[in-house]
Amino acid sequence: MVFVMALSGCMVTKSAYVQKEEEANTLAKTVSDLDQKNKELTARSEKLQAENSDLKKQLAAKDDLLQKKSEEIARQDAKQAAMVNEVERMKAHKARSGDADIKESPAAGKSSGLKSIRMKVLSGEGKIDSAKRMAKRLTAMGYKVESVGMAENADYPANTVYFTEKYKKEAKTLASRLGKNTIVKPLTWKSVFSIIVVTGG
């Protein structure tokens, strides 16, 4: 009886030991799994941090580029505004004194023929030679060119004929004789000339 009880006690003890060992193995596996997941999470976190750092660098570079572009646009706007102001100043000065030295004959507006049209030729291409060639061409057509000079701008895309209110018809006729690409515009500034031809193209 005592032997049976002792044997039974040993079996219980062994069973409890095996159970504890299995629990220990299970716990160890769980810890190992958790450790592996922790490593994976750490690696993923480091990757995300690296990607985030790269994105921040790219964003900073774009912000810097945008700032430079904005500054460049501001400089261009300021430059353009200064040019517009200078053109307006020159126009105002020209209206006050540019053509004042040319005295208009009282009978000039009443006389007939092409030579009665007070005409000036300006170079809108940056070279006085184009204005001189145009003056010779107009003279050959029968017009009287009284003045040759340089336009305020040198970027006229085509020959342009400016006219005063009473010479619109003559300006259109002249433009048709100069070619189909010739532009016709009314004079928007004061001038003693009835027609002003600006070379371009």
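What you see below is based on every heavy atom in this structure, not just the backbone, and it leaves out hydrogens, waters and symmetry mates.
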Extract all donor-acceptor atom pairs below 3.5 Å that involve side chains of residues 60-68 and protein atoms in other chains or at least two apart in sequence.
residue: Q67; atom: NE2; partner: E71; partner atom: OE2; Å: 3.1

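- In this structure a side-chain-to-backbone donor-acceptor pair under 3.5 Å is missing from S32 to A28.
- Put simply, the side chain of L114 does not reach to within 4.5 Å of the side chain of M141, judged on heavy atoms.
- The minimum heavy-atom distance between A151 and L122, with the atom names listed, is N-CB, 3.9 Å.
- By the side chain to side chain contact (heavy atoms under 4.5 Å, CB included) test, Q58 pairs with L55, sequence neighbours left out.
- For residues 126-141, the set of pairs meeting the salt bridge (Lys or Arg N to Asp or Glu O under 4.0 Å) definition, not counting sequence neighbours, is empty.
- When the ring-ring contact (aromatic ring centres under 6.0 Å, His included) test is applied to Y162, the partners found at least two apart in sequence or on another chain are W189.
- In this structure, the side chain of T188 does not engage the main chain of P186 through any donor-acceptor pair within 3.5 Å.
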Q: Would you check, one step at a time, whether the test side-chain contact (heavy atoms from CB on, under 4.5 Å) holds for E146 with F193?
A: CA-CA 9 Å; E146 296 184 21; F193 295 103; 3.8 Å; yes

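- A search for side chain to side chain contact (heavy atoms under 4.5 Å, CB included) contacts involving T30 returns T26, L34, not counting sequence neighbours.
- With M134 as the fixed residue, the side-chain contact (heavy atoms from CB on, under 4.5 Å) test singles out one of V145, V148, L178: L178.
- Between the side chain of S53 and the main chain of Q49, no donor-acceptor pair closer than 3.5 Å is present.
- Summarising the geometry of S130 relative to E125, their closest heavy-atom pair is CB-OE2, 3.2 Å, with the distance given to 0.1 Å.
- Enclosure of atom CD in E51 by more than 12 non-hydrogen atoms of other residues, nucleotides or ligands within 6.0 angstrom is indicated.
- Taking all atoms of both residues into account, the shortest heavy-atom contact from S123 to G126 is OG-N, 3.6 Å.
- I183 and Y167 fall into different hydrophobic clusters, where Ile, Leu, Val, Met, Phe, Trp and Tyr residues are linked whenever their side-chain heavy atoms come under 4.5 Å apart, directly or through other members.
- Atom NZ of K185 sits about 14.5 Å away from atom NZ of K168, to the nearest 0.5 Å.
- Residues in residues 16-29 take part in these salt bridge (Lys or Arg N to Asp or Glu O under 4.0 Å) pairs, two or more places apart or across chains: K29-D33.
- Between the CD1 atom in I117 and the NZ atom in K166 there is a gap of 14.0 Å [rounded to 0.5 Å].
- Just one of L187, V184, V197 meets the side-chain contact (heavy atoms from CB on, under 4.5 Å) condition when paired with F163; it is V184.
- In this structure the side chain of Y143 never reaches within 4.5 angstrom of the side chain of I195, judged on heavy atoms.
- To the nearest 0.5 Å, the span separating CD1 on I128 from OG1 on T199 amounts to 8.5 Å.
- In this structure, NZ on K169 lies 14.5 Å from CG on L174, to the nearest 0.5 angstrom.
- Side-chain atoms of T182 do not come within 3.5 Å of backbone N or O of T160 as any donor-acceptor pair.
- We find the CD-CG distance between E46 and L48 to be 10.5 Å, quoted to the nearest 0.5 Å.
- A distance of 8.5 Å separates OG of S194 from CD of E170, quoted to the nearest 0.5 Å.
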